[in-house]
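Written out below as structure tokens is the structure these notes cover.
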2 protein chains.
Amino acid sequence: MTPDEFRRAGHALIEWIAAYRERLSDGDMPVQAQVRPGDLIARLPSAAPEQPEPFDDILRDLDTLIAPAATHWQHPRFFGFFPSVAPLSSVLGDMLSTGLGQIGLSWQASPALTELEQVTTDWLRDLLGLPATFSGVIQDTASAATFIALVCARERASGYGAARGGLQAETAPLVVYTSGQAHSSVEKAALLAGFGRMNVREVRVDDTFAMRSDALEALVAEDRAAGRRPCAIVATLGTTATTAMDPVAVIAPIARRENLWLHVDGAMAGTALMLPELRHYGLGLEAADSIVVNPHKWMGIAFDCSLYLVRDPEHLVRVMSTNPSFLQSAADAEVRSYRDWGVALGRRFRALKIWITLREQGADAIRARLRRDLSNAQWLAAQVDATANWRRLAPVPLQTVCVRHAPPGLEGEALDVHTRRWAQAINASGAAYLTPATIDGGWMVRVSIGAELTQREHVEALWRTMRAAAAASEGL
Amino acid sequence: MTPDEFRRAGHALIEWIAAYRERLSDGDMPVQAQVRPGDLIARLPSAAPEQPEPFDDILRDLDTLIAPAATHWQHPRFFGFFPSVAPLSSVLGDMLSTGLGQIGLSWQASPALTELEQVTTDWLRDLLGLPATFSGVIQDTASAATFIALVCARERASGYGAARGGLQAETAPLVVYTSGQAHSSVEKAALLAGFGRMNVREVRVDDTFAMRSDALEALVAEDRAAGRRPCAIVATLGTTATTAMDPVAVIAPIARRENLWLHVDGAMAGTALMLPELRHYGLGLEAADSIVVNPHKWMGIAFDCSLYLVRDPEHLVRVMSTNPSFLQSAADAEVRSYRDWGVALGRRFRALKIWITLREQGADAIRARLRRDLSNAQWLAAQVDATANWRRLAPVPLQTVCVRHAPPGLEGEALDVHTRRWAQAINASGAAYLTPATIDGGWMVRVSIGAELTQREHVEALWRTMRAAAAASEGL
């Protein structure tokens, strides 16, 4: 594709994306893809094209093949999982990143990539009110960041055992602590890092689904008494099921006293720290060893953009570093080599989308959007609380409301069937997208508010849809 | 940013990228960024903007701040590292991916993402002539793919020890084998996975820098005799220093006989298998347990796009799977859940750039470009071979030529000083970009040909530049 062909195709694609976002605003499109497994595969050729095809054919297929098979995360009635806001300025940031075609495997290989990442991760840290003692790097996801945190914890506890016999040479097992409400990526990270499931302790939670610090202390003492070696705590700000907040301010002194690595998974709730009125959720964070916050969720830097903050970058680099001759350059001593701050050697120029999005929007506008979503969640929570047979199952510290419709006489498995039926009926209809999930052994429905286009009217419409779907399910 | 604002800014950015690529074609820009460490940081504000800024200011800063601090990987005289070709159709693919704002954490969350990834990874596998017994998934980099491969090897050897006490519970250490020419990511992956450096064996290479199978067999026997447990072999197709080819056809039967996981790092040379005349390099690959090929290198699907192929996806899923309630859906039994094929839960819609790029170019045109680069490398190798005092240090099976200028009387450290001086003089001048590296304990210079814009004339110009720079250094 020549630059002139790119102009033609690129302008057409800009128009296509703009029109796609306008169609989302109109609200006529179903949220969940209305396709069956295998539908798209059946409509695609089984072999790659040998000869070039006109770009117009590709544009046509976006309408006929791709868009109908997409579940629209940017739709105003998308309330699933957590919001992953991809504002159009972020789209331009990613386009520019690929257009420049830089690979950040050393400072010299792209000074712009390295230095803009250093500056924009500082910007983000400061926006969250975190102290300048933290240094930042962009990872793809919180899963990767938490894995890196647990490897760093492992290496600190083992005195850099990786340089010798690795985890295979350790005699007394190292143990990781997290709550049963932690994200599935925490256990996955521990297993990838070699700890083993038996050495991941599930700490009990209180009735707000937050980690109980007394239960944590008891488990640590029990493990020490049994000859095991407590190694790391993963606390969560904004758990996946209910956005519960583990009490970092209480956990941090325990971590320090017991010499445990404290990693805080603030993937979701980290963004809330942009708001002074919610900054109390971050109390104690200054004592963490590592923190992950996902700007690609609610903050609105398009996926993937996960901010990993560490207090001791030298330790991180010592654990992750490789330094083969072909990567060495004269500038090495004066610059950051972000390849030693994560798993991948090659790195995309992700800082561009942070830089462009923050400049195009301004932090103030992002805060206003967050407050809008908080207010919408409080509104929905109030409706649920005020309506017969509806139950709110958890506090609403952020923008996620966990609900159950529990008409008299329905309980146990029958209630679970009802809950999943009305939620899935909504999803299948395309009217809105919600995430069913379990809590305390039963099914509930998460309403996670925060798509860029979601206004109060969409939440009001959702509430009407929920009541209608629950009534219809009840009548079956 | 509204859709209309996006139209205005997007069209302007399309023009900016087109003009940037035209300027690269003109060849007037220096290849390596002409900045000092900290230059860009000093010119950027230390805090994020609170209020929106005009998009024109961002465009202006691209010219004055970003482009001057970029080392231009897409420049026709970029010969560093390995090529990372980002054709303009790939740029559109990434823009579309972000524009759609899909997150592929389950089939239902984006059927299009899941099914297009399944189809396009099949396309790529078939283009490389690999058997349909392999199933593919897109990872970000070969570093991640090799890490996953070693975790899968570890879990097969330990009978899924991760579900119990992990690597901490193993008594006899598991051992990984790779050559001293393997990429630094192999040792890094083994260390991350907990094997420990003492359990990574460096297998000797022959005079083409390929792994010696007899040395491999001897090390395996030695480890077994000492009570250690051989676990995995990582063979390389296209080593980083010289693009050497480990003899997979000889190694594979050893792996099978010894019950070792065989992972093949074909990050660079895998693309060559698109050419029937080079397909012999892939002999034996059908017996590998896992293979990684980087379409984001020479093939020209813009970074990041690393193809990970496995023979036993069920094992991969068993090792990597998490299945919390909030990710379950009715379609689960019928579809792929790519979150269980890698580390990350959230996933970008990377298949779009494969789909668009292959359609826009056609596989035939990619093969023609690869053949052009092979021919240019042979031309340069012939010049080096025919010129007094120049040495070619390795065979040239692909597009990378390893050279040294060795005038009479210069050897040892003085020769190393000379080699690095003339290479760094070229890089610093901006005339071309080369990668100095060590081989056999001395410094040499890698010329890695394959940027999309690199024609024979650019290689001819490079050869003149090299001779002039070496002569200048010799005169110092």
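Note on naming: letters A, B, ... go to the chains in the order of the sequence lines (proteins, then strands), and numbering restarts at 1 for each one. Computed over heavy atoms, backbone and side chain alike; hydrogens, waters and symmetry mates excluded.
The residue among Ser185(A), Pro54(A), Pro173(A) with the most heavy atom pairs within less than 4.5 Å of chain B is Pro173(A). Per-residue counts of heavy-atom pairs under 4.5 Å with chain A were compared for Pro37(B), Gly166(B), Gly10(B); the largest is that of Pro37(B). With respect to chain A, the highest number of heavy-atom pairs below 4.5 Å among Asn199(B), Thr2(B), Leu192(B), Val319(B) belongs to Leu192(B). With respect to chain A, the highest number of heavy-atom pairs below 4.5 Å among Gly161(B), Ala163(B), Ser110(B), Ser84(B) belongs to Ala163(B). Chosen from Leu88(B), Leu62(B), Asp364(B), Val119(B), the residue pairing most often with chain A at heavy-atom distances under 4.5 Å is Leu88(B). The greatest number of non-hydrogen atom pairs below 4.5 Å with chain A, out of Val151(B), Leu174(B), Leu352(B), is found for Leu174(B). Of the listed residues (Ala48(B), Pro111(B), Ser143(B)), the one with the most heavy-atom contacts under 4.5 Å to chain A is Ala48(B). Interface summary for chain B: among Gln74(A), Arg347(A), Glu22(A), the most heavy-atom pairs under 4.5 angstrom belong to Glu22(A). Looking only at heavy-atom pairs under 4.5 Å with chain B, the residue among Ser46(A), Ala190(A), Ala33(A), Gly165(A) that has the most is Gly165(A). Contact tally against chain B (heavy-atom pairs below 4.5 Å) for Lys353(A), Glu5(A), Arg36(A), His296(A): the top residue is Arg36(A). Ranked by heavy-atom pairs under 4.5 Å with chain B, the first of Glu155(A), Arg154(A), His72(A) is Arg154(A). For the set Ile14(A), Val91(A), Asp4(A), Asp94(A), the count of heavy-atom pairs under 4.5 angstrom toward chain B peaks at Ile14(A).
Here Leu44(B) contributes atom CG and Thr120(A) contributes atom OG1; the two are 9.0 Å apart, rounded to the nearest 0.5 Å. The CG atom of Asp304(A) lies 8.5 Å from the CD1 atom of Ile103(B); values are rounded to the nearest 0.5 Å. If you take CD on Gln118(A) and CD1 on Ile41(B), they are separated by 4.0 Å, rounding to the nearest 0.5 Å. In this structure, CD in Glu53(A) is found 4.5 Å from CZ in Arg359(B), a value given to the nearest 0.5 Å. Note that the CG atom of Leu92(B) and the CD1 atom of Ile58(A) stand 8.5 Å from one another [nearest 0.5 Å]. Atom CD of Glu115(B) sits about 7.0 Å away from atom CG of Asp39(A), to the nearest 0.5 Å.
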Next on the checklist: Would Val35(A) and Trp107(B) count as a side chain to side chain contact (heavy atoms under 4.5 Å, CB included) here? Give the steps.
Outcome noted: CA-CA 11 Å; Val35(A) 294; Trp107(B) 177 86; 4.3 Å; yes

Item to check | Worked verdict on Met1(B) versus Gln361(A) for side chain to side chain contact (heavy atoms under 4.5 Å, CB included) | outcome: CA-CA 8 Å; Met1(B) 180 174 268; Gln361(A) 301 193 11; over 6 Å; no

Item to check | Step-by-step side chain to side chain contact (heavy atoms under 4.5 Å, CB included) determination, Gln108(B) to Gln32(A) | outcome: CA-CA 8 Å; Gln108(B) 199 188 59; Gln32(A) 181 181 285; 3.3 Å; yes

Item to check | Working for side chain to side chain contact (heavy atoms under 4.5 Å, CB included), residues Trp73(A) and Leu100(B) | outcome: CA-CA 8 Å; Trp73(A) 286 63; Leu100(B) 283 169; over 6 Å; no

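If you measure heavy-atom distances from Glu360(B) to chain A, the contacts under 4.5 Å come from both the backbone and the side chain. Contacts of Val335(A) with chain B are made by side-chain atoms alone, with heavy-atom separations under 4.5 Å and no backbone atom involved. Interface remark: Thr141(A) contributes side-chain atoms only to the contact with chain B (heavy atom separation under 4.5 Å). Of the atoms belonging to Leu40(B), heavy atoms from both backbone and side chain fall under 4.5 Å from chain A. Both the backbone and the side chain of Phe6(A) come within less than 4.5 Å of a heavy atom of chain B. With a threshold of 4.5 angstrom between heavy atoms, Val343(A) approaches chain B through its backbone and through its side chain. With a 4.5 Å cut-off on non-hydrogen atoms, Ile354(A) does not touch chain B at all. Heavy atoms closer than 4.5 Å to chain B are found in both the backbone and the side chain of Phe195(A). For a residue to count as touching a neighbouring chain, one of its non-hydrogen atoms must lie under 4.5 Å from one of that chain's; by this rule Leu124(A) does not touch chain B. There is no contact between Asn294(B) and chain A, counting heavy-atom distances below 4.5 Å. Within the 4.5 angstrom heavy-atom criterion, atoms from both the backbone and the side chain of Ile66(A) approach chain B. Residue contact with chain B, scored on non-hydrogen atoms closer than 4.5 Å, involves the backbone of Ala47(A) exclusively.
Considering only heavy atoms from C-beta on, Ser89(A) stays 4.5 Å or farther from Phe55(B) through its side chain. Proximity of Thr98(B) to Met95(A): side-chain heavy atoms (C-beta onward) are nowhere separated by under 4.5 Å. Residues Pro45(A) and Trp123(B) are in side-chain contact: their nearest non-hydrogen atoms beyond the backbone lie under 4.5 Å apart. No side-chain heavy atom of Leu191(A) sits less than 4.5 Å from a side-chain heavy atom of Met320(B).
Between Phe303(B) and Phe349(A), the distance separating the two ring centers is not shorter than 6.0 angstrom.
Checking side-chain atoms of Arg21(B) against main-chain N and O of Gly99(A) turns up a donor-acceptor pair under 3.5 Å.
Heavy atoms only, all atoms of each residue included: Leu127(B) and Glu50(A) are closest at CD2-OE2, 4.1 Å. For the residue pair Ala86(B) and Gly101(A), the shortest heavy atom distance occurs at CB-CA, 4.3 Å.
A salt bridge does not link Arg348(A) with Asp140(B): none of the charged nitrogens is closer than 4.0 Å to a carboxylate oxygen.
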